[in-house]
2 protein chains.
Amino acid sequence: MNGVNILIVDDEERMRKLIKDFLAAKGYSILEAEDGEKALEIFERKKDKIKLILLDVMMPKLDGWSVLRQIRQESKIPIIMLTARGEEQDELFGFELGVDEYISKPFSPKILVARVEAILKRTCGDKQNEVKEYNGIIIDEAGRTVSVDGKAIELSLREYELLKYLLDNENIALSRDKILNNVWNYDYYGDSRTIDSHIKKIRHKLGKKGKYIKTMRGVGYKFEMK
Amino acid sequence: MNGVNILIVDDEERMRKLIKDFLAAKGYSILEAEDGEKALEIFERKKDKIKLILLDVMMPKLDGWSVLRQIRQESKIPIIMLTARGEEQDELFGFELGVDEYISKPFSPKILVARVEAILKRTCGDKQNEVKEYNGIIIDEAGRTVSVDGKAIELSLREYELLKYLLDNENIALSRDKILNNVWNYDYYGDSRTIDSHIKKIRHKLGKKGKYIKTMRGVGYKFEMK
DNA sequence: TAATTATTATATATTATAAATGTGAATTAT
DNA sequence: ATAATTCACATTTATAATATATAATAATTA
């Protein structure tokens, strides 16, 4: 996580310094803002560099909620709200506005670092691996496209989701139950043979490489390249 | 995640019902306890079924911390503490005792479900990646594959399950009854000689190492590497 | 107590049955 | 009109129960 930019917004200098020290120790680059207005200003300038914002709720001029709202109008950047004791009742409200996490003061360094890392893992991690390759099968998660040996193939929604699930779980045997619960909505109670139909179509579309989808008789399916 | 058992410990019935409803909607099986003593009782009985505990801190009789401590003496099961507003200062203290996560009341369903799923993914997920080795016999539980001296062998469902059962109980003599009850469905009342057939096939497929499946005359079988 | 035989348990090969999956087409939903 | 699902039938494969062979133990007898 080296060099990832994090913006800390808090009016108390002591608090900013505290957080900065902990996160800097983990190798993050820290930007600071002492109030909401400055925060928006900095965010505007460094939009594409900043990967996470730690945002205090109680601040003079522009409070945390207002900053949150403004940033959310144009960005999905992860935001952690710093709340003082007793402000928890706002949690639900905040989640609807797109808060990713709360940390309430006073907090332990452990928690701070843990939550920051968890969120960055989630968000940065995904973006880095947008395109994956499995021995000629290339899946572009951003574009939702798949190609086999350089040739694009057309997959329907379910076919794509099912294939992606199999690929994400390369070498792991997946039961029909698991597949249904992960690829279909949790409230789907249809025929588990539906999976078979999709598998068949995917195999066909994958051509020669369709054989990598192994049948685990009595269990389900598994993607394995051999 | 279907059918995973979660134990909810809270003295307020309303709270238990609330949590139960959310988690049940996601396909989890819920167990409830209204105080610490009952929680320990249920945990004792269902130890191997329960995969996660949601534990309220403030409870009559035995509070959450005490329950936590007792359970931690014998189990590493993931525990999420439910804290009321203003109890956050205990967080660090709790992490040292082995708390996996905190959720402070009031919480949003989103948070509850998200944290529960995140933890289960972490913990249950790991187990699946277990690869065990028995002197050249390698069993990959996630992939449901077995190899002997580096060469993959193909096992049918029953063969795999039976071999796994024998390996899991290395050096323990297993009666045919026990084997039937564990490898076959509980409602199977067929000929116990069926086991022999499968043992024979497994031995054959294991080649030289088939001899590690010892016959316990008058009893059953045992896996022992010598 | 050794040799012989009877008895029982397990090993192996075979086979009929049952179960799971493949497949293409029909139906239903979006 | 396309995708998703279900259906019906074909095909494959696993399984449990056969039958028979072999090995281990117990019983019998010399």
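Within every chain, numbering begins at 1; the chains are lettered A, B, ... in the order of the sequence lines, protein sequences first and strands thereafter. What's counted below: heavy atoms across the whole structure, side chains too, no hydrogens, waters or symmetry copies.
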Inset, instruction - Taking atom types as modelled, find out whether B:D191 and B:T194 have a side-chain donor-acceptor pair closer than 3.5 angstrom. - result: no
Inset, instruction - Scan side-chain atoms only and decide if A:Y28 and A:E117 contain a donor-acceptor pair under the 3.5 Å cut-off. - result: yes
Inset, instruction - Taking the side chain as every heavy atom from C-beta outward, state whether B:V9 and B:I53 have any atom pair closer than 4.5 Å. - result: yes
Inset, instruction - Please tell me if the side chains of A:K164 and A:I139 come closer than 4.5 Å, counting only heavy atoms from C-beta onward. - result: yes
Salt bridge present between [X] and [Y] (N-O < 4.0 angstrom):
| X | Y | value |
| --- | --- | --- |
| B:D140 | B:R144 | no |
| A:D100 | A:R72 | yes |
| B:K20 | B:E13 | no |

Inset, instruction - Measure the angle between the two terminal helix axes of the helix from C:dT1-D:dA30 to C:dT30-D:dA1, five base pairs each, and quote it to 10°. - result: 40°
Inset, instruction - Report the residues that fulfil ring-ring contact (aromatic ring centres under 6.0 Å, His included) with B:F43, sequence neighbours left out, ordered by chain and then residue number. - result: none
Inset, instruction - Would you confirm whether A:K222, through its side chain, and B:G143, through its main-chain N or O, come within 3.5 Å as a donor-acceptor pair? - result: yes
Inset, instruction - Check for a donor-acceptor pair, side chain of A:E161 on one end and backbone N or O of A:R158 on the other, with a separation under 3.5 Å. - result: no
Inset, instruction - Residues of residues 162-170 of chain B with any non-hydrogen atom less than 4.0 angstrom from an atom of DNA chain C: list those, numerically ordered, please. - result: none
Please list, one pair per line, the donor and acceptor atoms closer than 3.5 Å that link side chains of residues 210-219 of chain A to other protein atoms, with sequence neighbours excluded.
| from | atom 1 | to | atom 2 | distance (Å) |
| --- | --- | --- | --- | --- |
| A:Y212 | OH | A:N135 | ND2 | 3.1 |
| A:K214 | NZ | A:E224 | O | 3.1 |
| A:K214 | NZ | A:K226 | O | 2.7 |
| A:T215 | OG1 | A:R203 | NH2 | 2.7 |

Legend entry - Nucleotide interval of DNA chain D bounded by contacts with chain A (heavy-atom cut-off, under 4.0 Å): D:dA3 to D:dA14
Legend entry - Gap between atom NZ of A:K132 and atom CG of A:L167 - 0.5 Å precision: 8.5 Å
Inset, instruction - Determine, for nucleotides 4-20 of chain C in 5'-to-3' order, which nucleotides have protein heavy atoms under 4.0 Å from the base (write B), from only the sugar-phosphate (write S), or from neither (write -). - result: ----BSBBSB------B
Legend entry - Protein-nucleotide distance (A:R158, atom CZ; C:dA29, atom C1'), rounded to Å: 12 Å
Legend entry - A:E154 atom CD: more than 12 heavy-atom contacts under 6.0 Å: no
Inset, instruction - Describe the nucleic acid contact of B:H204 in one word from base, sugar-phosphate, nothing, applying a heavy-atom distance below 4.0 Å. - result: nothing
